[in-house]
Amino acid sequence: MTTTPDTRPENRVLIFDTTLRDGEQSPGATMTHAEKLEIAELLDEMGVDIIEAGFPIASEGDFKAVSEIARQSKQATICGLARANYKDIDRCWEAVKQARSPRIHTFIGTSPLHRAIPNLSQDEMAQRIHDTVTHARNLCDNVQWSPMDATRTEWDYLARVVEIAIKAGATTINIPDTVGYTAPVESADLIRRLIAEVPGADEIIFATHCHNDLGMATANSLAAVEGGARQIECTINGLGERAGNTALEEVVMALKVRHDIMPWDTGVDTRRIMNISRRVATVSGFPVQFNKAIVGKNAFAHESGIHQDGMLKNAETFEIMRPEDVGLAGTSLPLGKHSGRAALRAKLKELGHEMAENQLNDTFVRFKELADRKKEVYDDDLIALVRQNEAVSDRVRLKSLKVICGTEGPQHAEMTLTIDDEEKSVDATGDGPVDATFNAIKALFPHEARLQLYQVAAVTEGTDAQATVSVRLEEDGRIATGQSADTDTVVASAKAYINAVNRLLVRREKTAPNADVKGVGYMDAGE
């Protein structure tokens, strides 16, 4: 099956994602067959124009993955990579030909350093380019050609071979900065000059593929668009060889945010960015650095008191894009020694704890003392700070617990609780011992609270370590956290959940009609 080549509208930039090819070439980033199919589906759903699904000749596994992605793709053009020889190109076509929109991408290194590897003269290489691009075009209407290491190729020779590839039938010419050597002004000038001086260049699409060795990949890609390129090759999280590639999330958000000076659109649904970023990080084993643009943990986090106060008053004071635009629920205001009263008040309110001014001032002093000793103050730290003035309920108490678990499910929890001085027992099942235990508590003490957080941390090392469990419940806007520690993790989990239930009971009483609302009581770790 063939397709009509893409045209080059002036206001549209095509997004060519090569996470599954160049990204997977990162040492240690190899993905399983199922993971490749999953990432391809996510890319297709988010509106990526072209997915370079792999290098079909590289292995039988790569061929199968590209073939299946080609069959399953609903929107995107599916592309395979091939070196400048007939065997590679034929194998690539076999892999992509069943796609709704297939593409063959063939390449050869054109710089003096790369010409020396196959020991080809300029004329011999030019002839090979003509023959292989012609062969690819006879198979597929949509052919992309790349002169690898283009930015270190002599201008006269680069212009010559680009013209040859266009005449042989290439519909897209990609200009790779293979080693991340160029600078933005050079990137723009090179594309601009090729379009102006190479015959036929105005009839095809120019693309740019930039590596990040000097940290300029995104800048170079956007500069190339300024010069006339209408396709950006990129990867999720900037994954790729050595220092990586242009990051998809960076270029699409840059075009979205700075539409005033870069008036070009992409078809990418930016609200899906965070989801696919996290999934690629998981399957590739390459975590995203905290301060990574757009998708890093700190990209929408503000600790400085001045910044937090500004954010609480107007988010635009310190954010040039909305977290919702990339799929986040909202901004994060982590608390630390640089935070101020406004952020502390907002966080306590978020946790369901309203404080009078004098209470806030007292808590703020103790918060600052704690923050000087810790890098970050967590929710449970705040809970401990305000607990001392809170009421404590023990209407629900754990009497006994026996759990049966193993490889054959479902798991069972036999539990007895003392509720308002009356013992009640039940045998509950669940998907694991903790789930069975929590189901037993809900069976004995019915409630509609939702589990928001379940967290286990070992206090010491070894198999006999004491585990501290934190549980957070939410009911009708009321939030309560319980904690407990025990060498038996399941027992600690049960006690922490019961602690949270007791705190919710206190909150219910305080928010009853005509009640004086002061906040929620919390349990310190180990209590």
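Here the structure is a predicted model, which means the values were calculated and not measured. As a basis for the values below, the full set of heavy atoms in this structure was taken, side chains included, without hydrogen atoms, waters or symmetry mates.
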May I have the list of side-chain donor-acceptor pairs in residues 190-197 shorter than 3.5 Å, sequence neighbours left out?
unit_1, atom_1, unit_2, atom_2, d
Arg192, NH1, Asp189, OD1, 3.0
Arg193, NE, Glu197, OE2, 3.1

More than 12 heavy atoms from other groups under 6.0 Å of [atom1] on [X]:
| X | atom1 | value |
| --- | --- | --- |
| Arg242 | CZ | yes |
| Arg160 | CZ | yes |
| Asp131 | CG | yes |
| Glu408 | CD | no |

Sidechain-backbone polar pair: [X] side chain, [Y] backbone, donor-acceptor under 3.5 Å:
| X | Y | result |
| --- | --- | --- |
| Ser67 | Phe63 | yes |
| Ser73 | Ile69 | no |
| Thr18 | Thr235 | no |
| Thr106 | Ala82 | yes |
| Thr153 | Ser111 | yes |
| Asp88 | Arg83 | yes |
| Ser470 | Gln455 | no |
| Glu124 | Ser121 | yes |
| Asn314 | Glu316 | yes |
| Ser26 | Gly23 | yes |

>> Looking at every non-hydrogen atom in both residues, tell me the closest pair between Glu226 and Trp264 and how far apart they are.
In response: OE1-CH2, 3.4 Å

>> For a quick test of reading the model, state the closest non-hydrogen atom pair linking Ile173 to Ile204 and the distance between them.
In response: CG1-CD1, 3.6 Å

>> Show, in sequence, the C-alpha distance, side-chain angles and deciding distance for Glu94 and Lys97, and conclude whether the salt bridge (charged side-chain N to carboxylate O under 4.0 Å, His left out) test is met.
In response: CA-CA 6 Å; Glu94 284 299 314; Lys97 66 181 182 180; 3.2 Å; yes

> Quick one: side chain to side chain donor-acceptor pair (under 3.5 Å) partners of Glu24, sequence neighbours excluded?
Replying inline: Lys36

Tell me yes or no: between the side chains of [X] and [Y], is some donor less than 3.5 Å from an acceptor?
| X | Y | answer |
| --- | --- | --- |
| Glu233 | Gln144 | yes |
| Asp177 | Thr151 | yes |
| Ser146 | Asn174 | yes |
| Ser221 | Thr246 | yes |

Lys/Arg-Asp/Glu bridge criterion (N-O < 4.0 Å) met for [X], [Y]:
| X | Y | value |
| --- | --- | --- |
| Arg115 | Asp149 | no |
| Lys64 | Asp62 | no |
| Arg12 | Asp49 | yes |
| Glu250 | Lys292 | yes |

>> Let's go through His211 and His209 carefully: what are the C-alpha distance in whole Å and the side-chain angles of both, what is the deciding distance for side chain to side chain contact (heavy atoms under 4.5 Å, CB included) to 0.1 Å, and is it a yes or a no?
In response: CA-CA 7 Å; His211 279 261; His209 179 121; 3.2 Å; yes

Roughly how far, to the nearest 0.5 Å, is [atom2] of [Y] from [atom1] of [X]?
| X | Y | atom1 | atom2 | value |
| --- | --- | --- | --- | --- |
| Leu139 | Thr134 | CG | OG1 | 11.0 Å |
| Glu45 | Gln75 | CD | CD | 8.5 Å |
| Asn245 | Asn237 | CG | CG | 11.5 Å |

> When you look at Arg272 and Glu249, which way does the salt bridge (charged side-chain N to carboxylate O under 4.0 Å, His left out) test go after all the steps?
Replying inline: CA-CA 10 Å; Arg272 297 176 182 263; Glu249 60 275 6; over 6 Å; no

> Under the side chain to side chain contact (heavy atoms under 4.5 Å, CB included) criterion, do Arg278 and Val295 qualify, and how do the steps go?
Replying inline: CA-CA 8 Å; Arg278 290 170 175 171; Val295 294; over 6 Å; no

> Do any pairs count as a ring-ring contact (aromatic ring centres under 6.0 Å, His included) and have a residue in residues 153-191, sequence neighbours left out, and if so which ones?
Replying inline: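 Every candidate ring-ring contact (aromatic ring centres under 6.0 Å, His included) pair involving residues 153-191 fails, so no pair, neighbours aside, qualifies.
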
> After noting the C-alpha distance and the side-chain angles of Glu203 and Ile166, does the key distance pass the side chain to side chain contact (heavy atoms under 4.5 Å, CB included) rule?
Replying inline: CA-CA 9 Å; Glu203 301 298 324; Ile166 293 173; over 6 Å; no

